Amino acid sequence: MTETNQRTAVGAPADEKTLPPQYTPAEVEAPLYERWVSAGYFEADESSDKPPYAIVIPPPNVTGSLHLGHAFEHTLIDSLTRRKRMQGYEALWQPGMDHAGIATQNVVERELAKEGKSRHDLGREAFVERVWKWKAESGGQISGQMRRLGDGVAWSRERFTMDEGLSQAVQTIFKRLYDDELIYRAERIINWCPRCLTAISDIEVEYQDDEGELVSIRYGEGETAIVVATTRAETMLGDTAVAVHPDDERYRHLVGTEIELPLTGRRIPVVADAHVDPEFGTGAVKVTPAHDPNDFEIGRRHDLPSLAVLDEHGVITAHGPFLGLDRFEARSAIVAALRVDGRIVAEKRPYVHSVGHCSRCKTTIEPRLSMQWWVRTGPLAEAASKAVRDGEVAIHPKEMESRYFAWVDNLHDWCISRQLWWGHRIPVWYGPDGEMVCVGPGEEPPSGEGWHQETDVLDTWFSSGLWPFSTMGWPKETPSLEKFYPNAVLVTGYDILFFWVVRMMMFGLYAMDGTPPFRTVALHGMVRDQFGKKMSKSFGNAVNPLDWMDAYGSDAVRFTLARGANPGVDVPIGEDWVQGSRNFCNKIWNATRFALMNGATVEGPLPEAAELSPTDRWILSRLQATVAEVDALYEDYQFAKLSDALFHFAWDEVFDWYVELSKTTLNEGGAAADATRRVLGEVLDVTLRLLHPVVPFVTEALWTHLTGRESIVIAEWPTDSGFRDAAAEQEIAVLQQVVTEVRRFRSDQGLKPGQKVPARLALEGTPLAAHEPALRSLTRLQPEGHHGTAFAATASLPVAGAVVELDLSGAIDVAAERKRLQKDLDAAEKELKQTTAKLGNEGFLAKAPEPVVEKIRARRAAAESDIARITAQLAGLPQA
RNA sequence: GGGCACGUAGCUCAGGGGUAGAGCGCUGCCCUUACAAGGCAGAUGUCGGCGGUUCGAAACCGUCCGUGCCCA
C-alpha cells in the first residue's frame, strides 16, 4: 500500500457505515471516473522503477462510436491493465484513434453534399481543413464513451494517426522502405471502388455470393469458333485474346491463330496458357488484361495489350454504341446485341457466384489496371512469420496460430496508395523529366518548374501499423519507447488478425531492429446477440452498449462481457444476462452493506488460525484458493473462467454461506464475533480487489467504505498466502450437507420457510457439535420443548452421521416423505447397480488404476449404507 | 472448390477417458430486519447419427448429417 493510500476515501466519507439498500450505478460511476483521472492513476511514468506493462488500444476509427465489440475488447484490456497496475507494474494503456481515410472522407463528403457541394468545389486544401473541423466538432465520440465504460487509459498520451508526430513516423518509415526497395510504384490490377473512387487493398474487399448471369458467347466463325463463358459480358470490349490450356486437344489447332471478337470486328489471338482450367466450362476463356487480375497475368505472359474500356466510375469508355453506359447497363446492352448477332450459345440466369464488394460502401469492386504504390511484403512477412514460429510472439489461443501463418505466409504485395485527400500524402515528388524523389522528414522537397508531389495518400493501415511505437515517439529515441517497447500484449478480435496484427508485426520488426511490437497477441471473438446471431444494423439486432450501461451500469455490461470471454470464441450477449450481472453487483453491494452494518473491519492483523473458528478458517482457505485460481486464469487470458470463479466464490460461498453462518457468531458476540468481523473484512477486502479489474466501479465504491483508504485502483493485487485448511473445508461441507437435507425435508413437507420447528439434534461423532447454533439458525429449528410442551419426534433425518429429529406435532405428510425417500432410494439403488457391475468386471479390476477402483468401492459402500438407512426410514413411516 | 471450427438442459455456452455442469429460463414455497435486483427447495439431457479403439467414450479415431467462419 502506498503512503498516500490511507484514510482519505475517494467515495463517501470513510466513517459512513450505512449504504442505501440498492446499488445505483448512475450516481457512482461518473464521479468515480473523474476522480481516477484527476488523481492520475491511469497515467504512465516512463521514469519509474516499476516494471513496464504496456498495451496499445487497437485504434478505433475517428468516425466511430462505441459498440459492443469495443466494449468487449476494452473490458478485457482494462481488466488486464488494472490488474497489472495493482500488481505494481508501470501500466500504460495507450489510447487514441486512427484517421480512417475512406470512412472519414465519406462522412465529410456527405456533409458537403447536403450543402450541394463536392470536395472538388472546395479544393484539396480547403477540404482537408474541413475534415479537421469535422474531427474537432464531431469526431472521436468514442473517447467520451470510453470514460463511461471506465477505461483506465493514459489520457495525456492520447494520439491520433494524423498528428504531427505520428505523421513524421509515417514519412520516416516510408522513406526507409523506399530506400530499401520495399516500396515501389507499379501498374497492376487493383481493387477499385467506383463509388469511393479509390483503390483498396485485398483485405478491404468482402466477397459474397451474388446472383448474376453466366453467358456463353461464340467468338470467331465456323470451324475456328470458340465458345467462352463470362459473368461480365461488358468486359468483352476489352478482350485482347482467348486462352486455352496448352494440352487441350480440342483447341490445339487454333493456338496461334486469330479469331474475330464479336461486336468490335477486332481480331484477337488464341493463346495457350497453363493456368487455364480445361475442365471448367468450355475450357476456353476470354482474356481482358485491363479488367481482371488473372487475365492481367495471362496478358503479361503472352505480351498482350491491355485495353481499358471502363473509367473510374465504371462507365464504358470504348468507342461505339456502348460509350457512356454504366457497367451494369452495358452488360445487358452487350448481351442483347450479341443475342441479335446470334452469338449467345447459352445463358444461365440467375448464376450465383462470388463477387467482391467494397468493405466501406458495399459497392461492387471493379478490378482496374492502374498505377499504384506497393509494399513488397516478402521479407517483412517472412520476419513476421518467423517471430511467431520462433516463439518471440505468442498467439493466444494457440489454435489461432494456423490462421496467422496461413495468412502471413501467403501474403501478396500490399497496395498502399489511395486516391483520397484525407490521409498521409505520399512523400514522393515527380520531376519534369520523369524523375522521382522520395523525401524524408526534414528534407526539402525538390522545387521548381514541373515538380509536383504525388497526389495519392497512404492506406490508413499504413499508419495504424506503426501505432505500437509511433505513439511512443518513434522515430525519436524517447524514454517512453525505451521503457514501454515492446508492448506486453495486443488484445484484438480474430477478424483483425490480418489487418492490424500482421501489419503491426511487419512494421514493428522492421522499424525496431527485429523487436516485435508486442509479446503476446490475445485474440477474442465477436460479440453476438442472445441467439448467437451476428449483430448488424440491417438485421436490427445491434445493441447500443450505452443504453445498457444507462439501465444496468457499466460494471454489469463489463461483467457480462468478461464472463462470456472464452479465448478466441464468439461471445453472445443479451439483456437478460446484463440484468443478471447487475443483480450480482447489487448482491456484492448488499453483502458489503451487511458487513459494514455489523462492524466488519480490515484493521489489525488477522488472528492466528488457531484462534479462528472452523467457519472462519474454511472461508479463508477458500479465499486463498480462489486468489490462486483467479491469478492463474488471468495469466492465461481466461476471462470467462475467472469471472465465473469469482461469481461462484462470492455468491455461493461467501454470500450464501459464510455471511449466513457469521450471523450466529456475530449475534453471540465476544471474541469469536471480533474474529469474524475481522475475517469478514478480510474476505470482502480481498474479494473486492479480485473483482475490481472486471467491475471497477462498484468495487471502488465499496472498498473505500470498507477500508477507508484512498482507492482500490492503487490497492495491491491479492497474492495467495498459501493458507489452506482441508479439515475445516470438510467440516463445513458436512454442515452444508446437513443443512441442505433439513431444508429439503422442510420444503417437501410444505413447511413455510419461516416456520420454526422444534428439533432434537444428535451430533455426537460428527464435527458439528460446535455448529449447532448455526445449524439451528439456518434451518429454523428450535430447541426441543421450546413452548414447555413435551417433545415428540415425528420425523427423523439421519445424515452424515448426525441425526435430526423434528417435532411436527404429528402433522407429518407421510406421502411426501415417502416420495422423497423413494427418490433417494432409487438413486442409491441405481448407484449400487452401476458400481456393482463395474466391480464385477474382471477387465476393470485388472486394468483400471487403483484409485479409480478404490473410488468405485467407496461409492458402492456408500450406496449400500444409504439403501439400508433409507429402507429403515421408510419402514419407520406410519402406514398410509 | 480448399481449409478451419463447432453440434452437450428450453436458450446461450463451459467441460473433457472413470458419478453430466454453469448462467438465464422453468416449477413450488417465502417480503426470514444485507439484498424480492432477494432467499430456500426442485425439475429438465439416448452430450448430432452410425461404426471403431478401450476394462470403461459425452470426451480419442473414422464416417455421415447439420451449422458457422475464413480463403479462392
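Chain identifiers are assigned alphabetically (A, B, ...) following the order of the sequence lines, protein sequences preceding nucleic acid strands; residue numbering begins at 1 within each chain. If you're wondering where the values come from, they're calculated on a predicted model, not measured in any experiment.
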Please state the P separation for the pair B/G3 and B/U8 - nearest whole angstrom.
25 Å

Quantified in whole Å, what is the P atom distance between nucleotide B/U67 and nucleotide B/C29?
43 Å

Within the structure, does a side-chain N or O atom of A/R743 lie under 4.0 Å from either OP1 or OP2 of B/A41?
yes

Just the rounded figure in Å: distance from C1' of B/C4 to CE of A/M400.
10 Å

Which part of the nucleic acid, if any, lies within contact of A/S354, taking any heavy atom under 4.0 Å across all strands shown: a base, the sugar-phosphate backbone alone, or nothing?
base

C1'-based separation of B/A9 from B/C24 [nearest Å]:
12 Å

Using heavy-atom distances to pick each residue's nearest nucleotide on RNA chain B, tell me which of A/P849 and A/K587 is more 5'.
A/P849

Please work out if A/D656 contacts a base, only the sugar-phosphate, or nothing of the nucleic acid, heavy-atom cut-off 4.0 Å.
sugar-phosphate

Just N and O in the side chain of A/K823: are any of them under 4.0 Å from OP1 or OP2 of B/A43?
yes

Base, sugar-phosphate or nothing for A/F584? Non-hydrogen atoms, less than 4.0 Å.
nothing

Please name the nucleotide paired to B/A5 by Watson-Crick or G-U wobble geometry with both distances under 3.5 Å, or report none.
B/U67

With a 3.5 Å cut-off and heavy atoms only, can you find an N or O donor on one side and an acceptor on the other between the side chain of A/E741 and the base of B/A41?
no

Distance, C1' atom - from B/U33 to B/G18, rounded to whole angstrom:
48 Å

When rounded to the nearest Å, what value does the distance between P atoms of B/C35 and B/G48 take?
45 Å

Under 3.5 Å on both distances, the Watson-Crick or G-U partner of B/G51
B/C61

Residue pair A/H524, A/Y494: steps toward the ring pair (Phe, Tyr, Trp, His ring centres under 6.0 Å) verdict:
CA-CA 6 Å; A/H524 61 247; A/Y494 61 71; 8.1 Å; no

Can you confirm whether A/Q755 is buried at CD, in the sense that more than 12 heavy atoms of other residues, nucleotides or ligands lie under 6.0 Å from that atom?
yes

Taking CD from A/Q749 and C1' from B/C29, how many angstroms apart are they, rounded to a whole number?
13 Å

Quick one: label A/D495 by what it contacts on the DNA or RNA (base, sugar-phosphate, nothing), any heavy atom closer than 4.0 Å.
nothing

Closest of B/A37, B/A41, B/A34 to the A/Q22 side chain is B/A37

Once you apply the 3.5 Å cut-off to both distances, tell me the Watson-Crick or G-U wobble partner of B/G17, or none.
none

Check for a donor-acceptor pair, side chain of A/D555 on one end and backbone N or O of A/F697 on the other, with a separation under 3.5 Å.
yes

Could you check how far CD of A/Q834 sits from C1' of B/A20, rounded to whole Å?
12 Å

Please determine whether a side-chain nitrogen or oxygen atom of A/K641 lies at a distance below 4.0 Å from atom OP1 or OP2 of B/G15.
yes

Respond yes when some side-chain nitrogen or oxygen of A/K752 is under 4.0 Å from OP1 or OP2 of B/C29, and no when none is.
no

Less than 3.5 Å between a donor and an acceptor, one on the side chain of A/R582 and one on the base of B/A37, is that the case here?
yes

Find the distance A/N566:CG to B/U12:C1' and express it as a whole number of Å.
11 Å

Protein-nucleotides 23-26 of chain B N/O pairs under 3.5 Å:
none

Taking the side chain of A/P753 as heavy atoms from C-beta outward, which of B/C35, B/U19, B/G39 is closest to it?
B/G39

Could you tell me how far apart A/N586 (CG) and B/G39 (P) are, to the nearest whole angstrom?
10 Å

When you compare B/A5 with B/A20, how far apart are their C1' atoms, in angstrom units rounded to a whole number?
24 Å

Check: A/W461 ring centroid to A/W414 ring centroid under 6.0 Å
no

Before we go on, tell me: are the rings of A/W651 and A/F655 under 6.0 Å apart, centre to centre?
no

Assess, by modelled atom type and distance only, whether the side chains of A/S554 and A/E29 contain a donor and an acceptor separated by less than 3.5 Å.
yes

From C-beta outward on A/F844, which listed nucleotide comes closest to its side chain: B/A72, B/A34, B/G18?
B/G18

Spacing of A/R746 atom CZ relative to B/G39 atom P, expressed in whole Å
18 Å

What does B/A41 pair with, Watson-Crick or G-U, if both distances are under 3.5 Å?
B/U27

Taking B/G18, B/A34, B/A14 as options, the one with an atom nearest any side-chain atom of A/V659 is B/A34

Which part of the nucleic acid, if any, lies within contact of A/A846, taking any heavy atom under 4.0 Å across all strands shown: a base, the sugar-phosphate backbone alone, or nothing?
nothing

B/U12 -> Watson-Crick or G-U wobble partner, both distances under 3.5 Å, gives B/A22

Are more than 12 heavy atoms from other residues, nucleotides or ligands located less than 6.0 Å from atom NZ of A/K348?
no

Looking only at side-chain atoms of A/Y207, point me to the closest of B/U19, B/A41, B/A72.
B/A72

Assigned partner base of B/G56, Watson-Crick or wobble definition, under 3.5 Å:
none

Along RNA chain B (nearest heavy atom to each residue), the more 5'-positioned of A/F531 and A/R859
A/F531

Take A/L646 and A/V694, measure what side chain to side chain contact (heavy atoms under 4.5 Å, CB included) needs, and give me the verdict at the end.
CA-CA 10 Å; A/L646 283 166; A/V694 182; 5.5 Å; no

For the side chain of A/N586 and the backbone of A/Y23, is there at least one donor-acceptor N/O pair under 3.5 Å apart?
yes

At under 4.0 Å between heavy atoms, what does A/E575 touch on the DNA or RNA strands: base, sugar-phosphate, or nothing?
nothing

Atom-pair distance (CG on A/L523; P on B/C70), nearest Å:
15 Å

Between B/C6 and B/G62, how far apart are the two P atoms, rounded to whole Å?
14 Å

Mind calculating the distance between CD (A/E854) and P (B/G18) to the nearest angstrom?
18 Å

Please examine the side chains of A/V571 and A/F72, heavy atoms only from C-beta on, and report whether any two atoms are closer than 4.5 Å.
yes

Quick one: is A/K663 getting a side-chain N or O under 4.0 Å of the B/U33 phosphate, OP1 or OP2?
no

Ranking B/G18, B/G39, B/A14 by distance to the side chain of A/K838, first place goes to B/G18

Does the side chain to side chain contact (heavy atoms under 4.5 Å, CB included) test come out yes or no for A/Y658 and A/V679, once each step is laid out?
CA-CA 10 Å; A/Y658 184 69; A/V679 172; 3.3 Å; yes

Take atom C1' in B/G28 and the same atom in B/A43, then report the distance between them in whole Å.
10 Å

